2 protein chains.
Amino acid sequence: MAQPIPEVVILRLPLYLRTLSRLAEKNIEVVSSRELGNHLQFTPAQIRKDLSYFGRFGKQGRGYDVKHLLAELKGILGLDRSWPMALIGVGQLGRAILSYRGFATEGFQIVAAFDSDPAKIGKRYGKLTIQDVAELNKTVAEQGIAIAIVAVPPSQAQQVINTLVASGVKAILNYVPITARLPKGVWLRDVDPTLALQTLTYHLKLGDTQA
Amino acid sequence: MAQPIPEVVILRLPLYLRTLSRLAEKNIEVVSSRELGNHLQFTPAQIRKDLSYFGRFGKQGRGYDVKHLLAELKGILGLDRSWPMALIGVGQLGRAILSYRGFATEGFQIVAAFDSDPAKIGKRYGKLTIQDVAELNKTVAEQGIAIAIVAVPPSQAQQVINTLVASGVKAILNYVPITARLPKGVWLRDVDPTLALQTLTYHLKLGDTQA
DNA sequence: GCCTGTGAATGATTTCACAGCA
DNA sequence: TGCTGTGAAATCATTCACAGGC
């Protein structure tokens, strides 16, 4: 323990969380690393090793208490609270993100939306009034926003990200197909279905049979 | 050469493609691995090694011809053609995917949309008429569809994926938060912004400074 | 007997470092 | 000189295998 935790491990924790939630819904109380591995298509050893970075959650001879592990993982990931988020860019994609219900159920809530188009500023979508990007600083500070979602045109994205960073945002969910530059201490994940498709076609072309 | 190509390498190729496209738009004709690495925040050695799996595209002392490398990568990834796709699930998320413009510009086109809700079947969205999932087999065969996008409720997702596989689809872009089971020879990529957010909060909680 | 937690071993990926060519 | 392509070395991630507890 007290070792540096590999980023790949962090990337898997939400998958564990998701599967454990399903098990909890089915009132399954205990799960072994082998069973969890079956659901996730990971090896039992990997699951045990991953969890061992954070503590000793299992019981020998039995496995893991589903509810308890669920609570522990939520704590580890910082999901035992809600996270207010800002959305930048209320074009077609931005509006789809605004009306997406998947975030709220996990404690992520878009509490402010911004655009630079004067025709959009002041308009309402649901409970939100679209604000001028110029107000970003103030709103981020007032609402304690640490996470922003970026859905602006590619040509504006880096500048918007710079502004977000300057305003104190520490994490960005980026829907724009660019390679963003970031200072240390700010985290970013890309969402890009086109990139995913482009890796699929490689295998289709080959008629590749290893899954 | 003729070595098995690591999957991580395939995952990076579309990023190279994207950056090369931007360079080509700026009429930049030649790029070195160091410059390309600067744009992508990768090491030059990684770029050279990755490309070396597929051939020798560079010129010593100069670097890579942007247009030529772009064409080679498109060929390698199977992007020198267009790919008709089917969308399964025309709920809120599915409709957002239907109206998303990002796919078409890269040669991916949704040519058929399916749902199981009788109230939706027969309705038109743009140029598409929503079909009954029962027609999937026929349409996939007729239109030569190898790629499907899944955007149904979680409870239906695995069954829909089974149906797709049975109909001959070889690649799936999955927007549903499940761990799908697949036979060999079928490829899947997940799109799940919530998972991405859940890994970001881990770092926020820590006030983590290494980027 | 069953299953966890974990060092050690294996395997995969990245980076180094340099020969060779323009 | 400048940069590629590539074996070898270094680093990182996964899996093994087993001691120890329920």
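Per chain, numbering begins at 1; letters A, B, ... match sequence-line order. All values derive from a computational prediction rather than experimental measurement.
When the nucleotides dT14(C), dT15(C), dC16(D) are ranked by their closest atom to the side chain of Ala45(B), dT15(C) comes out on top. Considering only the side chain of Lys49(A), dA8(C) comes nearest among dA8(C), dT14(C), dT6(D). When the nucleotides dC3(D), dT6(D), dT14(D) are ranked by their closest atom to the side chain of Val8(A), dT14(D) comes out on top. Nearest nucleotide to the side chain of Pro6(B), out of dG5(C), dT13(C), dC3(D): dT13(C). Considering only side-chain atoms of Thr43(B), the nucleotide from dT4(C), dT15(C), dC16(D) that sits closest is dT15(C). The side chain of Gln46(A) lies closest to dT14(D) when the candidates are dT13(C), dT14(D), dC16(D).
One atom, CZ of Arg48(B), and another, C1' of dC21(C), lie 14 Å apart when rounded to the nearest Å. To the nearest angstrom, C1' of dG5(D) lies 15 Å from CZ of Phe54(B). Separating the CG atom of Leu69(A) from the C1' atom of dC3(C) is a distance of 15 Å, rounded to the nearest angstrom. Atom-to-atom, NZ of Lys59(B) to P of dT1(D) comes out at 23 Å; the value is rounded to the nearest Å. Across the protein-nucleic acid pair, Gln60(B) atom CD and dC18(C) atom C1' stand 12 Å apart, rounded to whole Å.
If you find the closest nucleotide of DNA chain C to Asp50(A) and to Gly61(A), the one lying nearer the 5' end belongs to Gly61(A).
In this structure, Tyr64(B) reaches the dG5(D) phosphate: one of its side-chain N or O atoms is under 4.0 Å from OP1 or OP2. Between Ser33(A) and dT4(C) there is a side-chain N or O to OP1 or OP2 distance below 4.0 Å. Using a 4.0 Å cut-off, some side-chain N or O of Arg34(A) falls inside it from OP1 or OP2 of dC3(C).
The backbone N or O of Val90(B) lies less than 3.5 Å from a partner atom in the side chain of Asp115(B), making a donor-acceptor pair. Using modelled atom types, one side-chain atom of Gln158(A) and one backbone atom of Arg181(A) make a donor-acceptor pair closer than 3.5 Å. Remark: side-chain polar atoms of Lys205(B) are paired, donor with acceptor, to backbone N or O of Ile76(A) under 3.5 angstrom.
Side-chain contact between Ile110(A) and Ile149(A) is present, with at least one heavy-atom pair separated by less than 4.5 Å. By the 4.5 Å heavy-atom criterion applied to side chains, Pro177(A) and Thr194(A) are not counted as neighbours.
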